[in-house]
Student: 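What follows is a structure written as structure tokens; I'll ask about it next.
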There are 2 protein chains.
Amino acid sequence: MLRAIGLRPTRQRLALGFMLFGKGDQHVTAEMLYEEAVKAKVPVSLATIYNTLHQFTDLGLLRQVAVDGSKTYFDTNVSEHPHFFIESENDLVDIPHSEGMVDQRPTPPEGYEVVRVDVVVRLRRKSR
Amino acid sequence: MLRAIGLRPTRQRLALGFMLFGKGDQHVTAEMLYEEAVKAKVPVSLATIYNTLHQFTDLGLLRQVAVDGSKTYFDTNVSEHPHFFIESENDLVDIPHSEGMVDQRPTPPEGYEVVRVDVVVRLRRKSR
DNA sequence: ATTTGTGCAAATCGTTTGCATCTGA
DNA sequence: TCAGATGCAAACGATTTGCACAAAT
């Protein structure tokens with residue numbers, strides 16, 4: 001598969017590929033993936049994690065989600081869909097569809113095209 | 001007005017308040033506001049800009065918009081509305097409403113409440 | 001006189017970059 | 001062999017923080 005998209009199947013790319021796509025849809029940050037790799041004793045550097053995430057994204061295997069200022073999230077589900085972001089836990093999850101939110105692409109202004117649409121519903125644990 | 005919301009009307013807060021709310025809706029980053037202040041010869045530090053932006057946000061005068069990794073944008077229009085983000089120019093603009101996009105609040109999961117909904121349509125200049 | 005705000009510089013955090021070294025075809 | 005990948009450490013940019021000084025009430 002890596003070969004198919006023009007990337008050398010190296011140890012680290014293979015390992016990261018399995019971690020990302022081997023267990024259903026998930027949302028990861030560079031740091032999270034790095035931790036997981038360390039735990040799994042996969043020798044890989046943070047720099048390589050970033051390289052890989054971006055390469056995968058450019059090749060359409062991952063999708064970036066703009067959540068907020070700091071961390072960048074990558075979604076293994078590349079289809080267009082909205083997210084819940086639970087602020088207290090820094091957790092990003094898909095919104096089960098049909099949960100309201102008709103999500104129609106707006107017409108872009110003359111001369112521009114839509115790159116992607118980010119819909120993030122930010123949640124907080126209810127106090128009372 | 002500052003007094004009304006419980007903030008001392010200091011020189012810099014007054015100046016920043018005018019810059020923010022004195023000319024219709026706009027979208028600013030800390031850096032942009034700082035530049036504007038410097039140009040207008042308003043003596044203010046970046047730290048104070050950040051303090052002020054956050055205080056105003058907490059008090060509901062501004063609204064934060066999650067655009068992407070780096071810069072944080074603040075919108076003087078605090079109502080819930082979607083945005084276009086023009087990647088090449090780093091420009092954030094309101095989407096003229098009725099442009100499609102039915103924007104219905106989804107039902108949050110048990111025990112959570114919606115803090116805010118960010119809808120960002122990312123645009124790129126059309127190539128051909 | 002007290003409390004609150006401001007400015008500076010240093011510290012932090014996620015991410016990127018330069019470059020020497022390694023590795024897969 | 002050798003282009004492409006990796007790893008390290010330094011560089012970066014936006015934001016935050018600690019603390020001395022200044023300004024509102």
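Quick note on labels: first sequence line is chain A, next is B, and so on, each numbered from 1.
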Student: Indicate yes or no: at least one non-hydrogen side-chain atom of B/Leu16 is less than 4.5 angstrom from one of B/Arg13.
Tutor: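 The answer is no; the side chains never approach within 4.5 Å.
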Student: Taking D/dT15 as the reference, what is the distance to D/dC19 when you measure between their P atoms (whole Å, please)?
Tutor: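 D/dC19 and D/dT15 have their P atoms separated by 24 Å.
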Student: Rounded to the Å, how far apart are A/Leu53 CG and C/dT16 C1'?
Tutor: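 Rounding to the nearest Å, CG of A/Leu53 and C1' of C/dT16 are 14 Å apart.
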Student: So, is B/Arg3 close to the D/dA24 phosphate, meaning a side-chain N or O under 4.0 Å from OP1 or OP2?
Tutor: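 B/Arg3 to D/dA24 OP1/OP2: no side-chain N or O under 4.0 Å.
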Student: For A/Leu14 and C/dT23, what is the distance between atoms CG and C1' respectively, to the nearest whole Å?
Tutor: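 Rounding to the nearest Å, CG of A/Leu14 and C1' of C/dT23 are 13 Å apart.
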Student: Please state whether the phosphate of C/dG24, meaning OP1 or OP2, lies under 4.0 angstrom from any side-chain nitrogen or oxygen of A/Arg11.
Tutor: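 For A/Arg11, the contact criterion (side-chain N or O under 4.0 Å from OP1 or OP2 of C/dG24) is met.
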Student: Can you pull every protein N or O that's under 3.5 Å from an N or O on nucleotides 3-5 of chain D?
Tutor:
{"residue": "D/dA3", "atom": "N3", "partner": "A/Arg8", "partner atom": "NH2", "Å": "3.3"}
{"residue": "D/dG4", "atom": "O4'", "partner": "A/Arg8", "partner atom": "NH2", "Å": "3.3"}
{"residue": "D/dA5", "atom": "OP1", "partner": "A/Arg13", "partner atom": "NH2", "Å": "2.7"}
{"residue": "D/dA5", "atom": "O5'", "partner": "A/Arg13", "partner atom": "NH2", "Å": "3.1"}

Student: If you measure from the Lys or Arg side-chain nitrogens to the Asp or Glu carboxylate oxygens, is any gap between B/Arg125 and B/Glu87 under 4.0 Å?
Tutor: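 No salt bridge links B/Arg125 with B/Glu87.
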Student: Using atom types as modelled and distance alone, determine if a side-chain donor or acceptor of B/Thr48 lies under 3.5 Å from a backbone N or O of B/Val44.
Tutor: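 Flag not set: sc B/Thr48 to bb B/Val44 has no pair under 3.5 Å.
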Student: If only side-chain N and O atoms count, and only distance matters, is there a donor-acceptor pair under 3.5 Å linking B/His81 with B/Asp75?
Tutor: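 Yes - a donor-acceptor pair under 3.5 Å links their side chains.
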Student: Please state how far atom CG in B/Leu2 lies from atom P in D/dA24, giving the value in whole angstrom units.
Tutor: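 Whole-Å distance recorded here is 13 Å.
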Student: So if I define the base as every atom that isn't primed, P, OP1 or OP2, how would nucleotides 12-17 of chain D read as a B/S/- string at a heavy-atom cutoff under 4.0 Å?
Tutor: --SBBB
Student: Output the rounded distance in Å from CD (A/Glu35) to P (C/dG14).
Tutor: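 Value for this atom pair: 11 Å.
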Student: I want to check something: taking the side chain as every heavy atom from C-beta on, are A/Thr57 and A/Phe74 in contact at a cut-off of under 4.5 Å?
Tutor: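 Yes, side chains in contact.
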Student: Quick one: do B/Arg122 and A/Glu80 make a salt bridge, cutoff under 4.0 Å?
Tutor: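 Salt bridge flag = no for A/Glu80 with B/Arg122.
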Student: Can you check the A/Leu33 CG to C/dT15 P distance for me, whole Å?
Tutor: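 Rounding to the nearest Å, CG of A/Leu33 and P of C/dT15 are 12 Å apart.
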Student: Does A/Asp94 use its side chain to pair, donor to acceptor, with the backbone of A/Pro96 at less than 3.5 Å?
Tutor: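 No, because the side chain of A/Asp94 does not come within donor-acceptor range (under 3.5 Å) of the backbone of A/Pro96.
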Student: Has A/Gln26 got a side-chain atom pairing as donor or acceptor with A/Met19's backbone, closer than 3.5 angstrom?
Tutor: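 Yes, A/Gln26 side chain to A/Met19 backbone: donor-acceptor pair under 3.5 Å.
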Student: Would you say the side-chain atoms of A/Gln64 and A/Arg116 include a donor-acceptor pair closer than 3.5 Å?
Tutor: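 Side-chain D/A pair, A/Gln64 to A/Arg116: absent.
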